[in-house]
Amino acid sequence: MEAVAEGLWRLADYHEKQGELGKAIKCLEAICQSPVSFFPVLEVKTRLRIATLLLTYSHNVNHAKSHLERSQLLLKSIPSCFELKCRAYSLLSQCYHLVGAIPPQKQLLYKGLDLTNSAGHELSVKLWSCNFNSQLANALIIEGDYQNSISALESGYVFSAEICYPELQMFFATSILHVHLMQWYDDNSVEQAVNKCDEVWESMEPEKRQQCVGLLFYNELLHIFYRLRICDYKNAAQHLDKLDAAMKADLQQTQYIEDLTKEMNALNQSLSRSDLHYKDRLALTGKHAQLQEQLRSITRPTSMSKESLEPGHFGNVRRTSRDKLELAPYPIDGEWLPKSAVYALVDLMVVIFSRPKGLFKECSKRILSGMLTIQEELVKLGIADGVREVSLQHSAIWMAGVYLMLIMQLLENKVAIELTRSEFVEAQEALVQMKNWFLRFPTILQACESMIEMLRGQYAHYVGCYHEATFHYIEAAKLTESKSIQAMCQVYAAVSYICIGDAESSTLALDLIGPVYSMMDSFVGVREKTSVLFAYGLLLMKQHDLQEARNRLAKGLQLTHNHLGNLQLVAQYLTILGSLALALHDTVQAREILRSSLTLAKKLYDIPTQIWVLSVLTTLYQELGEKGNEMENAEYQCKKADDLQRRLVDAHSSIHHIELIDKVRLEIQQLKGVDIKRAGSISLGVDLDIPGSIGASVSTSSLKLMDIDSGRRGKRKI
């Protein structure tokens, strides 16, 4: 019977290579369904093979799960077979993970760890312990048990250190850092995790580091997330440069491999000709051997490229090693995200760094690049126009969630850029795209509802609809558990209330600013602090407490300049400080500050801020009696005001305007029974708190605020 099984296995291999999955599985299931019994070990191996095919090439998780559960029963009667038992545990755990059955997954992994704990100290035993600890950490994160997740990863780190496996140590060190970033307990713990990653990475030989491309990307991205979180943009930029260079090098190598492969295929076609002359055949054969050697040298397997029973990527055709960014060796054989998702994430990081500096051309290029990459992958997952989450295979939900979250963050940045440039219609279109994605995938994108409401508030504020803006900001705060986002929403709402200008609105603004101001030092980084200082300075200025406003704003400006580098926020700080200097009759400083602000606003194509600065400069020239400068400045201000008015008219007349500013939340129908928490496992995860794109902005409010200040100066002169 063993010969029969061997023949069916070979036939299944043939059908798999031909892409005939159904026939391959039928061959293997013939062994399992045979009226004549095979040895239990042989049947177990066959069922594991079937499960692997199903998980690798299809979304049929339940079918794979049934084969693996049967294998579990068979293995109970077999005293040995450590490797087979571990493989069965690992694959079945992954099936439970895919269907969202976390309690049985954890129970199974604990059994696997019990098995490895009683199996000795061989290398394979330690490696399987690493596998089970890694999967257990993921399962614990889904349940929100971050502390025990870190403990599981630390156990894996210890095992990898015992077998002197630096790549595996790096995998666990980076995973520990990832969990710390998702659940930030305290600054010291996170910093220690960062330092441990640096220590392990530096301990690896340069050649080994060069081979571990997946770990390079993972480590650098996590360092960027950390630096962004603590607002250390200077050091984050170094990691981004390294990451971008690595991505470009990898893309070039991939293209080179594709070119070599095409050339080899062409040679194979020529060599297949029967009428080919002997000398020509000899030359082509030599050329073919050279190309083969070139390909072999580039794609030489590393310690991370060993094939295993575990599918590298569920629900998709197995990808070649050069299409994956593997993080750990067999039997973990994992990848954090597919290469395409990592590339889109690198594009997103470049956008996040470039946007505050006003590098909008580079931003637009990267947003387009990331969007195209993601849309190609979404089509592969069956997400074409009109497809909704109810139509998705359960096993495709997690990967779809990764790409959808990325596309939403790219669109978020596009909205921010277009609003900064006063391209309101383009901002509308991007925001409507976000809304449509959310309405199609409300469960998967549940975490984005707050983001969309915040952006609706930003849009409403920029086009002068301040009452509507306050509504959306307050709704956004209600829709998130993030203290940071709640604080930012309160600050934005306060700025909009200040722009409304009446006494009641000022009181509401103070009610919103006060709590955030009292706790501003408790946040990680300075984003919240710079924003609340900005809003508080505006409020003090309106209340005519000019010196105190100046002190708060000067402090906020210094923090913004030193840590954030957000040119729009700097320009707005400078504009207020310039108008305050003028109100305090410091005309020399006012002129200098306002000119700097105007330069920045022009660089950003920020028309509202330009108009704001120009209005203050006009007042300055009036007070100084510089009639020529006053007329020239007023003329330019009028030109810019006309330009802004035209853009506002276009925005208000658009079919999307009312639906975006309307004081109602989006109406959604969530898909029942989908466990959205799985997207928070060691994956992209919104818990990483990639800083949002929006910076505090007063936009068109400038004219109202300056009118108040100018009125006071007029009374003083009288």
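Numbering starts at 1 and runs along the sequence shown.
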Can you measure from CE (Met519) to CD (Glu528) and round to the nearest 0.5 angstrom?
9.0 Å
Euclidean distance, Ser506 OG relative to Ile498 CD1, rounded to 0.5 Å:
7.0 Å
Looking at Asn562 and Gln558, would you say the former's side chain and the latter's main chain have a donor-acceptor pair under 3.5 Å?
yes
Counting only N and O atoms by type, is there a donor-acceptor contact under 3.5 Å from the side chain of His472 to the main-chain atoms of Ile661?
yes
Indicate yes or no for a side-chain donor-acceptor contact from Arg366 to the backbone of Val351 under 3.5 Å, with no hydrogens or angles considered.
no
Ignoring hydrogens and angles, tell me if any N or O in the side chain of Arg388 forms a donor-acceptor pair with the backbone of Leu439 under 3.5 Å.
yes
Give a yes or no on whether the ring-centroid distance for Tyr218 and His178 is below 6.0 angstrom.
yes
Determine the interplanar angle of the His239 and His223 rings, folded into 0 to 90°, and report it as parallel if under 30°, tilted if 30 to 60°, perpendicular if over 60°.
tilted
Tyr466 ring center near His461 ring center (under 6.0 Å)
yes
For a side-chain hydrogen bond (donor to acceptor under 3.5 Å, both in side chains) with Tyr473, tell me which candidate from Gln458, Gln490, Glu453 qualifies.
Gln458
Residues, nucleotides or ligands: over 12 heavy atoms within 6.0 Å of Glu362 CD:
yes
Spell out, as yes or no, whether a donor-acceptor pair under 3.5 Å connects the side chain of Ser597 to the backbone of Ile593.
no
Check for a donor-acceptor pair, side chain of Asn566 on one end and backbone N or O of Pro356 on the other, with a separation under 3.5 Å.
no
Salt-bridge present (Glu418, Lys414; N to O < 4.0 Å)
yes
If you round to the nearest 0.5 Å, how far is CG of Leu598 from NZ of Lys603?
14.0 Å
State yes or no: are the ring centers of Tyr459 and Phe424 separated by less than 6.0 Å?
no
Expected output: side-chain Tyr573 to main-chain Thr530 donor-acceptor under 3.5 Å
yes
Can a side-chain donor-acceptor contact be found between Gln428 and Ser654 if the only test is distance below 3.5 angstrom?
yes
Please report the interatomic distance CD1(Ile658) to CD(Glu468), rounded to the nearest 0.5 Å.
8.5 Å
Gln572 CD to Trp612 CH2 distance, which is reported to the nearest 0.5 Å:
6.0 Å
For Asp250, is there an ion pair with Lys339 - N to carboxylate O distance below 4.0 angstrom?
yes
Ignoring hydrogens and geometry, is there a side-chain-to-backbone donor-acceptor pair from Asn413 to Gln409 under 3.5 Å?
yes
Spacing of CZ belonging to Arg421 relative to CD belonging to Gln568, to within rounding of 0.5 Å:
12.5 Å
Val387 backbone acceptor or donor facing Arg440 side chain under 3.5 Å
yes
